[in-house]
Amino acid sequence: QVRLQESGPGLVKPSQTLSLSCTVSELLTTNNYYWGWIRQSPGKGQEWIGCIDYVGSTYFSSSRKNRTSISWDTSKNRFTLQLSSVTPEDAGVYYCASAFGRIAGKTPSSPAEYDNWGPGTQVTVSS
C-alpha cells in the first residue's frame, strides 16, 4: 500500500500563499492513478481541491482553480500544493491522498474515491 506524508507550515497569514508538500513512498506510473489534495474545514465535510497524475497533468475544483497549483518536484516522489491569496476560510486539515481512476478519463473528484491517505496536517489562517 502506498504511503503518503504531508508537510508544511501550520500557520499562514491571510493573502499569503500556502505551500504544502506530500512525500509518497511509490509513484505508480499509470494515467489512471491520481495524487490529490483534500481539505476538511472545521464544522464542514471534506472538499476535494485537485489532483495531479504522474505525467504532471492537473485537475482542480472549480471553486478555487484560479489560485491553485499542484506540481511534482524533480525527483517525482513529492508533489506540492500551492494555494494563493488564502483567507480564514481556507483553514482546516489538509490531506494528500492517492486514487485509482477506475474509469478511463474520469478524474476522481470526490474524497470518497481516494483509497490511500496521509495523516493530514492542520493549517491555520490568521494574522
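The shown structure was predicted, so the numbers you read here are calculated from the model rather than taken from an experiment.
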> Can you list the steps and then say if Gln122 with Gln40 is a side chain to side chain contact (heavy atoms under 4.5 Å, CB included)?
Replying inline: CA-CA 9 Å; Gln122 177 73 243; Gln40 183 162 17; over 6 Å; no
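- In plain terms, the two heavy atoms of Pro111 and Ile38 that are nearest each other are CA-CD1, 3.9 Å.
- Among all heavy-atom pairs drawn from Tyr94 and Arg39, the shortest one is OH-CD, 3.0 Å.
- In this structure, the side chains of Lys106 and Glu113 come closer than 4.5 Å at one or more pairs of heavy atoms.
- Using a 4.5 Å cut-off on side-chain heavy atoms (C-beta onward), Leu18 and Lys13 make no contact.
- Judged purely by distance below 3.5 Å, without hydrogens or angles, the side chains of Tyr59 and Ser109 never pair a donor atom with an acceptor atom.
- No chain of hydrophobic side-chain contacts below 4.5 Å, direct or via other Ile, Leu, Val, Met, Phe, Trp or Tyr residues, connects Val93 to Val86.
- Closest approach of Ser41 and Ala91 over heavy atoms only: OG-O, 3.8 Å.
- Residue Ser69 holds its OG atom at 8.0 Å from CD1 of Ile52, rounded to the nearest 0.5 Å.
- In the model, Ser126 has no side-chain atom that pairs as donor or acceptor with a side-chain atom of Thr124 under 3.5 Å.
- Looking only at side-chain heavy atoms (C-beta outward), Trp35 and Cys22 stay at 4.5 Å or farther from each other.
- Considering every non-hydrogen atom in both Cys51 and Gly36, the closest pair reads CB-CA, 3.6 Å.
- Put simply, the side chain of Ser98 does not reach to within 4.5 Å of the side chain of Trp117, judged on heavy atoms.
- When hydrophobic clusters are built by joining Ile, Leu, Val, Met, Phe, Trp and Tyr residues whose side-chain heavy atoms come closer than 4.5 Å, directly or via intermediates, Tyr114 is not grouped with Tyr33.
- A side-chain donor-acceptor contact under 3.5 Å links Ser21 and Thr80.
- Under the 4.5 Å side-chain criterion, counting only non-hydrogen atoms from C-beta, Ser19 is not in contact with Val12.
- Note: Phe79 and Trp72 have perpendicular aromatic rings, judged against thresholds of 30 and 60 degrees for the angle between ring planes.
- Contact between Val123 and Pro9 at its shortest, heavy atoms only, is CG2-O, 4.0 Å.
- Interatomic distance, CZ of Arg3 versus OG of Ser25, reported as 4.5 Å (0.5 Å rounding).
- Proximity of Thr17 to Leu83: side-chain heavy atoms (C-beta onward) are nowhere separated by under 4.5 Å.
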>> Pair Asp90, Arg67 - check side chain to side chain contact (heavy atoms under 4.5 Å, CB included), show working.
In response: CA-CA 12 Å; Asp90 293 315; Arg67 59 190 185 98; 2.9 Å; yes
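- Rounded to the nearest 0.5 Å, atoms CH2 (Trp48) and OG1 (Thr107) are 6.5 Å apart.
- Taken to the nearest 0.5 Å, the CG atom of Asp73 stands 5.0 Å off from the CZ atom of Arg78.
- Atom OG1 in Thr23 sits 7.5 Å away from atom CD in Gln5 (nearest 0.5 Å).
- Closest approach of Tyr95 to Gly120, counting heavy atoms only: CD2-CA, 3.4 Å.
- Counting heavy atoms from C-beta outward, Trp37 and Phe60 have side chains that stay 4.5 Å or more apart.
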>> If you apply the rule salt bridge (charged side-chain N to carboxylate O under 4.0 Å, His left out), what do you find for Glu47 with Arg64, and how did you get there?
In response: CA-CA 11 Å; Glu47 178 188 12; Arg64 59 187 69 189; 3.1 Å; yes
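- In this structure, the separation between CG on Leu81 and OG1 on Thr68 is 6.5 Å, given to the nearest 0.5 Å.
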